[in-house]
Amino acid sequence: QTVIESVGSTPESVSMRLRVAGWWDEKVEQAQHAQHAATHYQQVLTIEPDNVQALTALELLLGRYENWAQVVDILRRKVDLVEEDAERKTIYQKMARLLETKLDQHDDAIEAYRQVMYLDDRDLGSLEALERLYIVRMRWQELIDVLSQQGAAMAEPAERIDKFLQ
């Protein structure tokens, strides 16, 4: 701790802080150790707000303690930092699932699934999730649109017919 304090909050201290946070993270079986790890990851993010490694580690740590609202906040930060569409899609999918299943924030989940569809308009898992959410929220016109998209995304003609008849 003294060594870390001596280097201060400089960009040069980031790698050391990440190592210390990782060390505490390995001892995560006790809540106080998790708090130490989280503190060090937060200090890294104070120095480098766009540090994806620290965001990812903090996301996983908070997920182990089922702190879903903070995990979603981190995913929102992270999605803007990654460059690959496939990685952004994965982040939006995780965010949408958490918003839907852990936080019951259906409208926010819908928006996250829409972002997935913007990246991959043939993602059947996201289309099915949107179908489910639109039924729950009674958003019938949007449901019709999603059912049409699902039909278009299906490879088998019989599947398409069944979807259109739904």
Side-chain angles (χ1 to χ4, degrees), residues 14 17-18 21-22 24-25 28 31-155 159-160 162-166:
V14 168
R17 288 178 185 280
L18 284 171
W24 281 113
D25 202 357
V28 81
Q32 74 232 26
H33 295 305
Q35 184 56 49
H36 286 301
T39 298
H40 286 286
Y41 290 130
Q42 289 290 0
Q43 288 171 345
V44 168
L45 293 170
T46 298
I47 299 165
E48 290 183 5
D50 296 347
N51 189 302
V52 175
Q53 181 182 353
L55 285 169
T56 300
L58 191 56
E59 167 199 340
L60 296 173
L61 178 68
L62 293 168
R64 285 195 298 266
Y65 286 93
E66 300 181 359
N67 192 335
W68 305 123
Q70 283 189 308
V71 171
V72 168
D73 289 342
I74 288 170
L75 291 171
R76 284 187 173 123
R77 287 175 64 182
K78 208 167 114 175
V79 76
D80 292 330
L81 301 174
V82 298
E83 295 179 18
E84 299 289 324
D85 281 350
E87 195 173 352
R88 293 180 79 216
K89 176 183 168 183
T90 300
I91 293 170
Y92 276 123
Q93 286 171 323
K94 182 174 184 176
M95 186 187 317
R97 281 191 305 274
L98 291 174
L99 288 164
E100 178 186 4
T101 62
K102 302 295 184 185
L103 298 172
D104 287 326
Q105 295 178 9
H106 294 158
D107 290 332
D108 290 336
I110 288 169
E111 187 53 40
Y113 281 122
R114 283 183 177 165
Q115 292 299 320
V116 172
M117 298 309 301
Y118 176 75
L119 296 167
D120 178 4
D121 64 351
R122 300 181 76 75
D123 185 275
L124 285 175
S126 294
L127 284 168
E128 289 168 359
L130 283 169
E131 174 186 351
R132 182 176 59 251
L133 288 165
Y134 287 148
I135 289 170
V136 168
R137 303 300 288 165
M138 295 186 281
R139 292 167 68 168
W140 308 123
Q141 185 57 51
E142 291 162 302
L143 174 62
I144 292 168
D145 295 341
V146 163
L147 292 173
S148 295
Q149 278 184 281
Q150 283 178 334
M154 294 177 173
E159 288 178 323
R160 273 191 247 155
D162 288 343
K163 188 51 71 176
F164 281 121
L165 291 176
Q166 188 177 2

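Side-chain atoms are counted along with the backbone in the values below, which use heavy atoms only and exclude waters and symmetry mates.
Across D121, V146, V116, a single residue satisfies side-chain contact (heavy atoms from CB on, under 4.5 Å) together with S126, and that is V116.
Put simply, CG on L99 and OH on Y92 are 11.5 Å apart, with the number rounded to the nearest 0.5 Å. For the atom pair CG (L61) and CD1 (I74), the distance works out to 8.5 Å, reported to the nearest 0.5 Å. Rounded to the nearest 0.5 angstrom, K102 NZ and N67 CG are separated by 13.0 Å.
Identified under the salt bridge (Lys or Arg N to Asp or Glu O under 4.0 Å) test for residues 143-153, with sequence neighbours left out: none.
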Q105/L103 under side chain to side chain contact (heavy atoms under 4.5 Å, CB included): CA gap, chis, key distance, verdict | CA-CA 5 Å; Q105 295 178 9; L103 298 172; 4.0 Å; yes
Stepwise side chain to side chain contact (heavy atoms under 4.5 Å, CB included) test for K78 and K94 = CA-CA 12 Å; K78 208 167 114 175; K94 182 174 184 176; over 6 Å; no
Determine, stepwise, if the pair D108 / R76 fulfils side chain to side chain contact (heavy atoms under 4.5 Å, CB included).
-> CA-CA 11 Å; D108 290 336; R76 284 187 173 123; 4.1 Å; yes
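Contacts of R137 classified as side chain to side chain contact (heavy atoms under 4.5 Å, CB included), with partners at least two apart in sequence or in another chain: H106, D107, I110, R139. By the side chain to side chain contact (heavy atoms under 4.5 Å, CB included) test, R77 pairs with L45, P49, L55, sequence neighbours left out. Residues passing the salt bridge (Lys or Arg N to Asp or Glu O under 4.0 Å) test with D120 are K89, sequence neighbours excluded. Shown here are the side chain to side chain contact (heavy atoms under 4.5 Å, CB included) partners of T39, two or more places apart in sequence or in another chain: Q35, Q43. Shown here are the side chain to side chain contact (heavy atoms under 4.5 Å, CB included) partners of D85, two or more places apart in sequence or in another chain: R88, L119.
The main-chain N or O of L127 is found under 3.5 Å from a side-chain atom of Q150 such that the two form a donor-acceptor pair.
Side-chain contact, D73 with Q70: no donor N or O sits under 3.5 Å from an acceptor N or O.
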